[in-house]
Amino acid sequence: MKELTIGPNDAGQRLDRFLAKAVPLLPASLAQKYIRIKRIKCNGARAERDTRLKAGDVLQLYINDEFFDKPRQDNAYLTVAAPRLNIVYEDDNILLVDKRPGVAVHPHDGAEYGRTLIDHIQAYLYQKHQWSPRAENAFTPSLCNRIDRNTGGIVIAAKTAEALRIMNQKIKDREMEKRYLAIVEGTPRPAEGSLRGYLFKDAQKNRVYVTDTPQPGSKSCRTDYRTVATRQGLSLVECRLITGRTHQIRAQFAHAGHPLLGDGKYGKLDKRFDRSYQALYSYQLTFRFTTDGGVLSYLDGKRFQVEDVDFVREYFPDYSI
């Protein structure tokens with residue numbers, strides 16, 4: 001419990017507005033709840049959100065110490081009162097979340113304070129009392145893989161340091177299989193095959209380039225695919241990443257003459273379709289361990305899949321994932 005004494009400069013303010021300034025990490029909805037259940041009192045008595053504070057009033061705040069820290073990127077999870085997560089699978093070690101397009105996984109230049117996927121995951125675990133930052137010296141729940149902001153799909157989060165270490169190694173050793181669904185323009189020929197080439201990343205432009213022959217600084221890339229449906233000049237394809245390069249699927253299909261629907265970076269936006277971001281979804285994840293999985297051994301051979309992909313439902317309603 002902490003006490004705050006109201007000085008002359010704070011007198012006359014409503015309680016809820018004072019709290020928003022004095023305890024900026026405390027979400028407004030949570031502050032209102034704490035006032036209602038008397039975890040925030042004024043002079044030892046119940047107060048209301050619109051109580052006008054007077055000089056000399058003493059507020060008693062029965063809230064966790066974390067909320068009194070200064071706002072920073074690493075405590076943005078505290079500002080999330082109601083985490084929004086589509087959980088595919090959860091156990092004591094990991095959390096698989098279906099990230100929807102438009103959500104960033106990590107902050108970018110501070111612009112996503114409190115709105116990123118990791119903020120919501122950390123808020124979820126904190127509120128479930130499965131993670132106590134004050135009790136940890138260094139570890140925080142972390143993401144094991146990333147997905148572009150405008151791509152949807154399964155993201156893996158580790159709840160423990162050991163799970164994070166093992167999962168990162170499994171990803172590095174390619175001991176899991178990720179499958180994507182994408183809508184591309186035109187009809188790939190052959191209907192099933194492999195896209196192979198060399199990919200060069202221009203970090204300054206946040207863009208990659210695919211060539212048929214090796215170039216200085218390029219890396220080999222391979223995407224296996226099969227066409228599962230065609231309609232209205234579009235094809236729904238399932239992709240399996242053999243290599244995992246930045247923007248690989250998007251760039252390789254564009255290089256092959258079949259840019260992804262809605263991908264303005266590597267193709268052109270088709271005015272016939274109301275879509276402003278790429279139709280790409282990491283919809284299925286299978287663990288295929290070839291080495292000891294330690295505390296995660298029980299995951300070997302397990303497959304997880306999202307329940308719904310919006311662009312499949314919209315453009316290929318007869319296809320069931």
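Keep in mind that this is a model prediction, so the values were computed, not measured.
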Consider only side-chain N and O atoms of Y283 and E238, and report whether a donor and an acceptor are under 3.5 Å apart.
-> yes

Carboxylate-amine/guanidinium contact D10 K21, below 4.0 Å | no

With a 4.0 Å cut-off, would you call D224 and R240 a salt bridge?
-> yes

Within-4.5 Å side-chain heavy-atom neighbours: F316 and V228 | no

Look at atom NZ of K265 and say whether more than 12 heavy atoms of other residues, nucleotides or ligands are closer to it than 6.0 Å.
-> yes

Taking ILVMFWY side chains as joined if any heavy atoms are under 4.5 angstrom apart, and letting links pass through other members, which residues group with V80?
-> none

Determine yes or no for a side-chain-to-main-chain donor-acceptor pair under 3.5 angstrom, with N64 supplying the side chain and E66 the backbone.
-> no

If you look at every heavy atom in L199 and C221, which pair is closest and at what distance?
-> CB-SG, 3.9 Å

Within 45° of the axis and under 6.0 Å from the centre of the six-membered ring of F287, does NZ or CZ of K170 qualify?
-> no

Does the side chain of Q215 come under 3.5 Å of the side chain of T213 through a donor N or O and an acceptor N or O?
-> yes

Please round to the nearest 0.5 Å and tell me the distance separating atom CG of D292 and atom OG of S297.
-> 4.5 Å

State, yes or no, whether a side-chain contact exists between V97 and H120 at a heavy-atom distance under 4.5 Å.
-> no

Joint cluster assignment, M167 & I147, ILVMFWY side-chain distance < 4.5 Å = no

If you group Ile, Leu, Val, Met, Phe, Trp and Tyr whenever their side-chain heavy atoms sit less than 4.5 Å apart, what else falls in with L269?
-> none

Look at the side chain of S235 and the backbone N and O of T230, then say whether any donor-acceptor pair between them is shorter than 3.5 Å.
-> no

Compute both the distance and the angle, then confirm whether R39 meets the cation-pi test with Y34: under 6.0 Å from the six-membered ring centre, within 45 degrees of the axis.
-> yes

Test item: V312 and I183 side chains (from C-beta on) under 4.5 Å apart, heavy atoms = no

Criterion salt bridge (charged side-chain N to carboxylate O under 4.0 Å, His left out) on K159 and E90, from CA distance to verdict | CA-CA 10 Å; K159 292 185 177 183; E90 181 179 10; 2.7 Å; yes

Y266 and its side chain to side chain donor-acceptor pair (under 3.5 Å) partner, picked from H255, Q252, Q278, H247 | H247

For the residue pair L53 and L15, establish whether any side-chain heavy-atom pair is separated by less than 4.5 Å.
-> yes

The remaining residues in the hydrophobic cluster of Y225, counting side-chain heavy-atom contacts under 4.5 Å among Ile, Leu, Val, Met, Phe, Trp and Tyr, are Y180, V184, L195, V237, L241, I249, F253, L260, L280

For F67 and I63, work out which heavy atoms get closest and say how close.
-> CB-CD1, 4.0 Å

Between A31 and L19, which heavy-atom pair has the shortest distance, and what is it?
-> CB-CD1, 4.4 Å

Please confirm whether the backbone N or O of L285 pairs with a side-chain atom of K302, one donor and one acceptor, at under 3.5 Å?
-> no

Does S220 offer a backbone N or O that forms a donor-acceptor pair with the side chain of R245 under 3.5 Å?
-> yes

Under 3.5 Å side-chain donor-acceptor pair for D98 and Y281 | yes

Looking at P317 and R231, what are the two nearest heavy atoms and their distance?
-> CD-NH1, 4.2 Å

Greater than 12 external heavy atoms within 6.0 Å of D92's CG | no

